[in-house]
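Some notes on the structure that comes next.
Numbered from 1 within each chain, the chains take letters A, B, ... in sequence-line order.
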Amino acid sequence: MPQHSYGAIPWIGLTVLLPLLGFLVNGTLALVRPQAKRVVSLVGTGVLLASFIVAVLVVLQLRQETLIGPYTVTFWHWIVVDTLQIDFAFALDHLSAVMLLVVTGVGFLIHVFSVGYMREDPGYARFFAYLNLFIVFMLLLVLGSTVPLMFVGWEGVGLCSYLLIGFWYEEKANADAGKKAFIVNRIGDFGVLLAMFILWTSIHTLNFAVIAERAPTMLEAGGPVVTMVTLFLFLGCVGKSAQIPLYVWLPDAMAGPTPVSALIHAATMVTAGVYLVARTNVLFAMAPLSSTLVAGIGALTALFAATIGLRQYDIKKVLAYSTVSQLGYMFIGVGTGAYVAGVFHLVTHAFFKALLFLGSGSVIHAMHQAYHATHAHEDAQDMRNMGGLHRYMPWTFALMTIATLAIAGVPPFSGFFSKDEILAAAFARGAEHPVFYLFWGMGLVGALLTAYYMARLLTMTFLGDNRTGTAEQEHLHEAPWVMTAPLVVLGALSLAGGILNLPAFVGGHHALETWLDPVFEPAKKFSQLVMPHGSTELLLIGGAVVIAVIGLVAGIRGTLVRPIVVAKNAPAEMGFARVLFNKYYIDELYQFLIVSPIVGLSRLVLWKGVDQSVVDGFFVNGSAALMRGLGWLGSRLQTGQVGVYVILFLVGVVWILGSVLR
Amino acid sequence: MLLGPALALSAILFSIGVAGVLLRRNAIVLFMCIELMLNAVNLSFVALAQVHGLGGQIMVFFVMTVAAAEAAVGLAIILAIFRHTQSVDLQNINVLQG
Amino acid sequence: MQTIDLATAGGATLALLPEVVLTGAALVVLLVLSWRHTTAEDSRLAGYLSLGGVGLSAVALAYLWTADLQPLGLAHMIAVDTFRYAAVAIILIATAATILLSLQYVERERLLAPEYYCLILLAATGMMYLAGATDLIVSFLGLEVMSVAVYVLVGFNRGSVFSAEAALKYFLIGAFASAFLLYGIALIYGATGTTNIMEIGARLGQGNIPVLGALGLGLLLIGFGFKVAAVPFHMWAPDVYDGAPTPITGFMATGVKAAGVIALTRILFDGFSHSIDLWQPVVAALAIASMVLGNLVALSQRSLKRMLAYSSIAHAGYLLTAIWTGSSLGAGATLLYILAYVLTTLATFGILAALGRGGERDVTLDTIAGLGARRPWLAFALSACMLSLLGFPGTLGFIGKWTILMAIVNQAHAALGIILVLTSLVSAGYYLPVIMSMYMKPASATSPEGKMSGAGIAVIVVTVGLLLVFGFWPGPVLGIATNSARVLSGAVPSVNALVR
Amino acid sequence: MTAAVFYLLGASAIASALLCITRKNPVSSALWLVSTMFALAGIYVLLHAQFIAVFQVLVYAGAVMVLFLFVIMLLNLGREASDVRGKPAWALAAAVMVILGAQFFAVWHYTPAQMASEQHSGAAVADPLAFFPNNALAAEAARPDDAFGALSASLFQNYLVPFEITSVLLLVAAIGAVVLAKRRI
């Protein structure tokens, strides 16, 4: 019988196997010959390139197939208990194909960047081993055909993230950040586990494809079961994708090396939550309550994190809060039912945020080298120490500008199309549930703030006068080609990423939407979204663009308006009085009416008050302390006296005998 | 047959043994209280053997063997600790704690 | 298929071949050491002989397992089924690993008395009787053989006051608990007129359980609660684990606990399946108390050895949760979880023995700081163990916990499962700092750790390797565990007839 | 008559046991324990277990308790201060004794007939022994003259496996005691 061959698709296992091989080789080298940096870089990036090529071949083949349901490659029966059988199997469908390309592609670029960035680091081999292992787990997460296998990847990426945040382990803060990330994520994992068990008891399967098949018939739409499952799943997403209230770990995670921030904490791992919602879209579509909550949390996070981002001075902290905020947008998308828009923004965000992080990495690299050359002990990440860098790093500056325009949502950059689609979808949903108008509004304000803080970042870093120091200026220069080349590629993607899903009004055909259609088909039965057309659509777009431009202009002018004090001389807190001495009336107005209140709110209330003390101090540290205290009490009972032990023993005896006698 | 009274006597002796374990600090005396508990159990076995046949009586043999074995090892352990602390008072034996 | 009559001496010997072989090996060791019992070489010789004995016993076990024997009528005194074989296999693994880890340890700590190995073998024999007994008399005697041997082993380091104190505490509370267990057996005997577990099950099945039987069941649970170190019968465990020689601590945490849990499973499933309403609440309460207290107190420990002791209490809680289900799936989960726990714990104590000196009481998080840089392989192995204990996906520990959770969910009863997951969450708070300390803290200025012996390395490589391999490919062990457990009658059938 | 002797012996057993746990001197504690054991031996005779009674005197009172006394003398513990705990412990011990006694109270009412009826819920029982047909030895136990023969036959046939395990147990105890007690290995 002639079998359909499926071309390259059966080779999909290679995409995981190759990075695994890389991990094994690099891991061994890290133990036996940590100095072999050439081999490590070759292996580390080579396996990723090979994996990416395989992924491209696989996806090209997938284009030609007309598959119903995913293409599944089963390797072995993983867990077989009674009638439950869970295979170790990969499932390739149009959604996982998109993720596969993003993970291997962006992953490869970031690996290449790391070759330059980490060159001087003694833990070079170890770093690449962890990075390769991360790719393995991320692909398991993306390709796993069942919830438990996805969970292996889910936990694995958490572990790698933990190891990489604490990579520079000499600093205690890093280790603490790693621990915080891990513990917060475990709270989310608890949700995923519970969701798994409810799923299993209610529809007796944990296979994603079968879930999509069975859920519509075996579960009651809008019923308690499906609502509970989705809420627990979303708890996992909140943890992994850093949404309110579990976002606290992500800004701290910036303690790790910058390529890690780019790969794990911006482009791939943190988007796993969005991916999970998209993956189980049928369930979410059947649970309107949960979906509204998803969108609501997303909107709240998008706005909240953006306000905090307004007044950070650490360049990576700004980007971290920006990531939290952008993830919020993705959740608005998937919560609204615009799954394609959510995934689209995930992809474009991977491009421009990776670019931003790597660009900031370039800057930090340059700053660090400059300070290193003059033996100064300044903060290489503080934007107040930068300024005017465009003279020394023209390439980085150009690329960062592209990324900034993309994230701000200026056409024709990629972020414009994806963010616009999300906002339009939220607006459209508003016709059904007015609360979505609120979410749309929050998203719009968030977009304004995004444009503002990104413009501020760009201005403080690259424009104006240089504040690094006269001696240091000699040493500021562009990063080596191995670091700039990935930036150029990402820049091109950020610029042109929009063509993936060009809307009709510019003559596009919604390519991504057509591509992903089979995956989201089942959800459509439960929630149909009528996107705005014609004048409404154009009005929405126009409004969004105007807001982005206002934000950008305000950001640049608001930053340039007064001299910035170098970090070490800066007063502890910015007084409002300073703001009043402005020669531009319009700036004053900006400052006084819009920016100052929000800035004050951002820095004083939200960041210092809520973020740093309430969430961190109370929830994270407080619960840990409470448990430790209880444990200490238990330990006090352990006096070493046999008499005490006997008494407790007898308490147990009396209780058990009483219980069996009833 | 005196089944009920014998079982009751056994229960009372067992409880007295337990009370003794609570009351004493001397490791040897404490161990004697445990022996008392074992004796109480033996009485139960013997009483029940009247109803159920010889199995109960045979059980007593095994219990006696166990008691002898435990006594041999237990007293050796007590001797060993005495060599370290010069005391068998449990109040003085608590270097391990926390 | 071949039937054997367990009432005859020949039949019983055949059925007890692994135990008999192991006892024989112990006698050989005893005989040899009557001539050679002074130097390090003599001690090593005894170790190798014992290892050979374990090997032969394993061969006998393999023979029994493949021979597919069936008892004639009710199994008399000893079970002839796969559940026992699986249990014996786990005990033999624990014994072999303990002997291998001891080879270097006894020389380093100057415990040069070859009786040490003899006692390990005899303790293992006791565990095998306990785990395979179908008669409460055999359970009790097996338990006593095991306990008496372990009392001595705990106090084997005669130069150390810690060792002696640990032995005394273990002995006193152990004998106290034995008395309760024995009283339980007496009352059950009174209620049913038999000590055979299957017969007890058959006779109790005919109506409400009599008061005598209920009391007896409660007393049995107390006795076994002590052996598996379940709260509130756990107080001895931290002190005793702390004071005992480290390989023996490992042996107690694995072998003793495994034998106790397996025996309890068999007794409750075969003997008291009709009284499940009576014992389920008790087992649930013991499990919850153990999980909560074990995990919380472990958080505040500095010494790794004590931390592991509290963690072992928590694991007793997880195991009791599996028993609580009363289903054959739960019994299978028990077996699998024990295997995972045994492998992990043996490796952990092996590593601990390599890290410390003088009983390892002083090995703390600070001692192992920077181990990732000094001893990368050792640090990797310890990390793998911690993750497996935590139940991290990709390790056998995860598969074990997963199976337990499946068994709970199968009973359509989520509360225990939620507590299990939540307390495991808490346990991250003390397992992870170990990893963190090794990789993320600068090394302190302590003396470097000693070299490991080849035998120790072999144990750690094999156990950690199995943990990881079975973590990704658990099919074989999972199949063995669930199939072996099917022979137990199981109090409850699985609730869900599942469609795949 | 039997009942009267039983209650007399029972009362003396309880009294000796109470004295055993409360006497301050370890030596007198041990002697009161011996006294309890003798009373129990008497009760065994009343309960048709003459053979066990003999062993009780020989093994328990004779061998085991002598071992205890020997160690007490060896360590010269007779002159130590009292090891009885303070008032809270007394209250606790009394409470535990009362609670445990109450929990075991149900056993007081047991008669052979009730025991049998519990197994066969409801049926009135005339001859309790008839309800345990599986235990062929039960009938033999009723004939005290051949109890010894029946006991040994049972021990070496039905209970062969546990009997052999006790030999292992004694071996363990012997090795263990030697290892722990020797001054130098």
Gap between atom CD1 of B:Ile58 and atom CZ of D:Phe156 - 0.5 Å precision: 9.5 Å
Point-to-point distance, once rounded to the nearest 0.5 Å, from CE of B:Met32 to OG1 of D:Thr36: 10.0 Å
Among [options], which residue has the highest count of heavy-atom pairs closer than 4.5 Å to chain B?
options: D:Leu100, D:Leu33, D:Val96; value: D:Leu33
options: D:Val84, D:Leu92, D:Thr2, D:Ile175; value: D:Val84
options: D:Tyr7, D:Phe104, D:Phe105, D:Trp90; value: D:Trp90
options: D:Gly176, D:Pro162, D:Ala95; value: D:Pro162
options: D:Ala30, D:Ala94, D:Ala13; value: D:Ala30
options: D:Ala89, D:Ser29, D:Ala174; value: D:Ser29

Segment of B:Leu43 engaging chain D (4.5 angstrom heavy-atom cut-off): both
Heavy-atom pair count under 4.5 Å with chain D, highest-scoring of [options]:
options: B:Leu7, B:Val73, B:Leu75; value: B:Leu75
options: B:Gly56, B:Ala47, B:Ala67, B:Gly4; value: B:Gly4
options: B:Leu48, B:Asn42, B:Val66; value: B:Asn42
options: B:Asn39, B:Ile28, B:Ile78; value: B:Asn39
options: B:Thr65, B:Leu22, B:Val29, B:Leu23; value: B:Leu23

Go through the atoms of [X] and report whether side chain, backbone, both or neither lie under 4.5 Å from a heavy atom of chain B.
X: D:Val107; value: both
X: D:Phe51; value: side chain
X: D:Val64; value: side chain
X: D:Ile14; value: both
X: D:Phe68; value: both
X: D:Gln56; value: both

Side-chain donor or acceptor of B:Arg25 paired with backbone N/O of D:Arg85 under 3.5 Å: no
Derivation and outcome, side-chain contact (heavy atoms from CB on, under 4.5 Å), residues D:Leu155 and B:Phe62: CA-CA 10 Å; D:Leu155 193 58; B:Phe62 294 134; 4.0 Å; yes
Over all atoms of both residues, closest heavy-atom pair of B:Gln50 and D:Leu47: NE2-CD2, 3.6 Å
Heavy-atom pair of closest approach, residues B:Ser15 and D:Gly101: OG-N, 3.9 Å
Ring center gap for B:Phe61 and D:Phe163 short of 6.0 angstrom: no
Pair B:Leu79-D:Leu75, side-chain contact (heavy atoms from CB on, under 4.5 Å): steps then yes or no: CA-CA 8 Å; B:Leu79 280 180; D:Leu75 301 184; 3.4 Å; yes
D:Met97 and B:Ile16, any side-chain heavy atoms less than 4.5 Å apart: yes
Sub-4.5 Å side-chain heavy-atom contact between B:Leu54 and D:Asn158: no
Verdict with supporting geometry, B:Leu9 and D:Ile43, side-chain contact (heavy atoms from CB on, under 4.5 Å): CA-CA 10 Å; B:Leu9 178 60; D:Ile43 291 176; 3.3 Å; yes
Pair B:Leu38-D:Tyr60, side-chain contact (heavy atoms from CB on, under 4.5 Å): steps then yes or no: CA-CA 11 Å; B:Leu38 290 181; D:Tyr60 252 133; 3.9 Å; yes
